[in-house]
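Encoded as structure tokens, the structure appears first; notes follow it.
Here is the naming used below: chain letters follow the sequence lines, and residue numbers restart at 1 for every chain.
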Amino acid sequence: MLKATNPIVMTVANTITSGDVANGLNAIGASPIMPSAPEEAEAMVNIAQGVTINVGSINQEQFRQSQLTCNAANSQGKPLVLDPVAVASSPYRSQVVDTLLGDYDFSAIRGNVGEIAFLAGVAWDTHGIDAGGGEVDFEQLTTIVKTCAQKYHTIVIMTGEIDYISDGKTVKSVPYGTPAFATHVGTGDLLSSLVAAFLTVASTDEYLEAAYQAALTFALCGQKVSDKLPGQWFNGLLNELYLVSNDKINHWEKEELHHG
Amino acid sequence: MLKATNPIVMTVANTITSGDVANGLNAIGASPIMPSAPEEAEAMVNIAQGVTINVGSINQEQFRQSQLTCNAANSQGKPLVLDPVAVASSPYRSQVVDTLLGDYDFSAIRGNVGEIAFLAGVAWDTHGIDAGGGEVDFEQLTTIVKTCAQKYHTIVIMTGEIDYISDGKTVKSVPYGTPAFATHVGTGDLLSSLVAAFLTVASTDEYLEAAYQAALTFALCGQKVSDKLPGQWFNGLLNELYLVSNDKINHWEKEELHHG
Amino acid sequence: MLKATNPIVMTVANTITSGDVANGLNAIGASPIMPSAPEEAEAMVNIAQGVTINVGSINQEQFRQSQLTCNAANSQGKPLVLDPVAVASSPYRSQVVDTLLGDYDFSAIRGNVGEIAFLAGVAWDTHGIDAGGGEVDFEQLTTIVKTCAQKYHTIVIMTGEIDYISDGKTVKSVPYGTPAFATHVGTGDLLSSLVAAFLTVASTDEYLEAAYQAALTFALCGQKVSDKLPGQWFNGLLNELYLVSNDKINHWEKEELHHG
């Protein structure tokens, strides 16, 4: 996994969840950096192997930092992931995300159904910042994730009870969700940065598979400790990310397929 | 409680404690949003049911965001709570709080004795950012909380070993404090945002009772795990907030009255 | 220790780790304040007994706040500690640190080998934000820490598997490191603020000993819980900081010397 390569992953971070994201990256074997100054955006991309832009606490300074960061990541051909946190919740935020998606090439976008549906231009009833819900079927979700991936020529990881990962052609799924993920704020933010970490050890034609592996690893690690209460669950997840290996993931997946 | 309504609670957050406050809101069944940009302040209030302004890490940008947020909350008639963190510690901070209190209507103010005494204009010896201490009597504390509530035409929740809640006429008390609350930074910040959450499910003439219920729930949940060391206490509190119900609170309160 | 004096320690904080640093200070008996506004920098130094500048999330506003904070700390003769987080990672950050070190007198600098070697002007292969590594010998590390202390006329605490503390003449060492410190992000940030806390109860000619005691206390407390996984280790460290006493440190150190 990532423990051997120890990639530096830069995140323009959501200030609410930055500590947890940094510790999650650290647990799985990446080195997190989360600078704040636009003035050092390019230099920080220089030393990073992968980059994530999270708009969870975006403001004008962080937008400027994001633009300079995206520009450097694209120039240097480094994997660039977008987390469009609550993109539908304000015109300002929608505009910021629209500008970033228009001006830069993202390797992947990670969001919940509400966020991805909004980006895809598909009607979806969101509950403000959450994914929204109601009865949905596999076909509808597949259409949303594929449409978004096609529209932005990128990999989309759409997370929920089932995660859907698509490059616009194929759709892979990770059906190992647990409600435990909703008991801690910022697990989506962490997955977005983990996707960037996984992309650092893949070539561009392996990005779909790498994004899938990130979602799979995250879901299975979270599920292993899903019996824990909210106050212990995230710490349990950190331990699983710390102890995880390819062998474990393969073994867990076989168990799931057998019992599922 | 709040699990059925799942209100969105917006906090202009203290960046030091924002993650813990978000997880505390999440645990009790509210959805936290903590944006940073003045540009989206009004839109974020649109999707929120309750709002808290916390001045713990106030600066000029966050002050401007707070003003726009308060303006929108007042226009939309949504509950608005102020946490005047360390208001007495600098002229800048005192001025910010004074301006907010002068220009907007707050549904409630939550602070420690030092902060509330400062706002009330009553002499009190603070130790910088803490509440200060020394020998105090019930009458003195009652006068402070009532004076502050009368001065700002609001509900005041003054927290400490005993919490006092007043609308300027009545004073209710929650005598279930535990020193454990002081072993974790930001528990006061969390209570302020929880008060906003509780106000979202009350009509304005029920605000005193709702604020009391917030303080009561928080104190009893914290007390249930007061045997834990600092490294485990806050996570224990999160679990209690996650598991709490009206029945539990009623039951715990009866036990306290019986043994107390 | 610090529980009796309860000093207020102001930190211009790394926003990624600020909550953990605040809780670590709180655990050992100090009161943390972490303001954000340049406008209140001087007033906050007024109420503080010790100050730390951490450049982990430095930007232009925080740089201005740091300058005003350093100026006030120097004017008031209060202990001032610098944490040059990732100083070598960008020209912007190097420039900020260089300006601060040129314009103000620091009582102590706390950094890892990569950061201290960069400040000392000694060649060292850093891995971006980490300390870097490879084969090093005691003499090389001793030279780095002494050179840095001499260059900036300050106490330097250089942390790693072995911590080295120097005033430019003497070099003291704390050989009680554990890899557990690397499993949680921001432990270095916490030690920097703890150094400021320890300096508040020392006279200037005792600063070397006080910085050594801070490093010793931190290393031994972390080592006591080094069998814990990443998700539990930092909380375990908080408990040890909460429970620590001079007697315990003396006792632990004797045990180490006996078995080591």
Greater than 12 external heavy atoms within 6.0 Å of C/Y242's OH: no

Separation of B/S89 OG from C/E40 CD (nearest 0.5 Å): 6.0 Å

From CD (C/E42) to OH (B/Y92), nearest 0.5 Å: 15.5 Å

Top contributor to chain C contacts, counting heavy-atom pairs under 4.5 Å, from B/I58, B/T15, B/D20: B/I58

Pairwise side-chain contact, B/R93 with C/P35, heavy-atom cut-off 4.5 Å (strictly under): yes

B/Q223, CD: over 12 other non-hydrogen atoms inside 6.0 angstrom: yes

Region of C/A27 that comes under 4.5 Å of a non-hydrogen atom in chain B: neither

C/L243 versus chain B, the contacting section by heavy-atom distance below 4.5 Å: side chain

Nearest non-hydrogen partners of B/I16 and C/A22, listed with the distance: CG2-CB, 4.0 Å

Flag side-chain contact, heavy atom, 4.5 Å: B/P230 against C/N239: yes

Between CD on residue C/E61 and CD on residue B/E61, distance to nearest 0.5 Å: 8.0 Å

Engaged part of C/N26 at the chain B interface, taking heavy atoms whose separation is under 4.5 Å: side chain

Check: C/N235/B/Q232 side-chain N/O donor and acceptor closer than 3.5 Å: no

Contacts with chain C made by residues 179-187 of chain B (heavy-atom distance under 4.5 Å), listed by residue number: B/A182, B/T183, B/H184, B/V185

4.5 Å side-chain heavy-atom contact, B/S57 and C/M34: no

